[in-house]
J.: 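Structure below; questions to follow.
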Amino acid sequence: MKYWLVKAEPNCFSIDDLAKEKKQTTHWDGVRNYQARNFMRDEMNLGDKVIFYHSNAEPPGAAGVCEVAKEAYPDFTAFDPEDQHYDPKSKKDSPCWMMVDIKFVKKFSRLVPLDEIKSNKKLQKMRLVQPGNRLSVMPVEKDEFEEIVKMGR
DNA sequence: GCCAACGTTGGC
DNA sequence: GCCAACGTTGGC
């Protein structure tokens, strides 16, 4: 079992939106970064736990927990010229971009703001708080995951 | 809205 | 294969 963090802009798609989805599940489309794709494609397994992080928010921070509900498959939004995430590089017979499905598990009773994550000694090593890290899908250590869950209670 | 950091693109 | 230009991310 692995642990992850995914980012979304809540004015675009928040954890509440995820909770309102049919079956509380959505496909995590639109990732157009190779490193993030590789994590999803190669390492994310069914049932892995995922922190749902709100970026570009006031305040930014960890909003809750979800889990991988379907392992990597082609991101069909890349095939649609009308879609905002359309990418002509990705062909149906050789898809360039992949996505997973994620399912809502719980919303934290309080949002864990980024500055608390930054100032927590146990979380200093997280990629999230490394300068200039813009990955939208990143691995998290088990103890880091558990620490954030504890902070969100 | 600004801007630093960093990934991607494309000319050479 | 280098690297400048450009686009995107995301905190502030």
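Residue numbering restarts at 1 for every chain, and letters A, B, ... go by the order of the sequence lines.
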J.: Could you go through A:Asp87 and A:Lys89, starting from their C-alpha distance and side-chain angles, then the distance that decides it, and tell me whether this counts as salt bridge (Lys or Arg N to Asp or Glu O under 4.0 Å)?
T.: CA-CA 5 Å; A:Asp87 186 347; A:Lys89 277 200 304 294; 3.0 Å; yes
J.: Identify each atom pair where a protein N or O and an N or O of nucleotides 3-9 of chain C are less than 3.5 Å apart, giving names and distance.
T.:
{"from": "C:dT8", "atom 1": "O2", "to": "A:Arg134", "atom 2": "NH1", "distance (Å)": "3.4"}

J.: For residues 55-70 of chain A, pull every pair meeting salt bridge (Lys or Arg N to Asp or Glu O under 4.0 Å), keeping only residues two or more places apart or in separate chains.
T.: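 Output for this query lists A:Lys49-A:Glu67.
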J.: Suppose we screen for salt bridge (charged side-chain N to carboxylate O under 4.0 Å, His left out). Which residues come up paired with A:Arg134, at least two apart in sequence or across chains?
T.: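 With neighbours one apart ignored, the set is empty.
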J.: A:Asn33 has an atom CG; how far is it from atom P of C:dG10, in whole Å?
T.: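 Roughly 9 Å, once rounded to whole Å.
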J.: Using five pairs at either end of the helix from B:dG1-C:dC12 to B:dC12-C:dG1, determine the angle between the two local helix axes and round it to 10 degrees.
T.: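 Here the local axes at opposite ends form an angle of 10°.
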J.: What residues, two or more places apart in sequence or in another chain, satisfy ring-ring contact (aromatic ring centres under 6.0 Å, His included) together with A:Tyr53?
T.: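 Once residues adjacent in sequence are excluded, A:Tyr53 has no partner under the ring-ring contact (aromatic ring centres under 6.0 Å, His included) criterion.
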J.: Could you give all pairs that pass the salt bridge (Lys or Arg N to Asp or Glu O under 4.0 Å) test and reach residues 28-48 of chain A, with sequence neighbours left out?
T.: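 Every salt bridge (Lys or Arg N to Asp or Glu O under 4.0 Å) pair that includes a residue of residues 28-48 of chain A, provided the two are not neighbours, is A:Arg32-A:Asp75.
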J.: Which ILVMFWY residues are connected to A:Met99, directly or by a chain of links, through side-chain heavy atoms under 4.5 Å apart?
T.: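 Its cluster mates, by chain and number, are A:Tyr73, A:Phe76, A:Phe79.
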J.: Who pairs with A:Lys103 by salt bridge (charged side-chain N to carboxylate O under 4.0 Å, His left out), at least two apart in sequence or on another chain?
T.: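 None.
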J.: Name every donor-acceptor pair, under 3.5 Å, that has one atom in a side chain of residues 110-117 of chain A and the other anywhere in the protein, sequence neighbours excluded.
T.:
{"from": "A:Arg110", "atom 1": "NH1", "to": "A:Met151", "atom 2": "O", "distance (Å)": "2.5"}
{"from": "A:Arg110", "atom 1": "NH2", "to": "A:Glu116", "atom 2": "OE1", "distance (Å)": "3.1"}
{"from": "A:Arg110", "atom 1": "NH2", "to": "A:Glu116", "atom 2": "OE2", "distance (Å)": "2.7"}

J.: Rounded to whole Å, how long is the line connecting atom NE2 of A:His54 with atom C1' of C:dG11?
T.: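 In whole Å, C:dG11 C1' lies 16 Å from A:His54 NE2.
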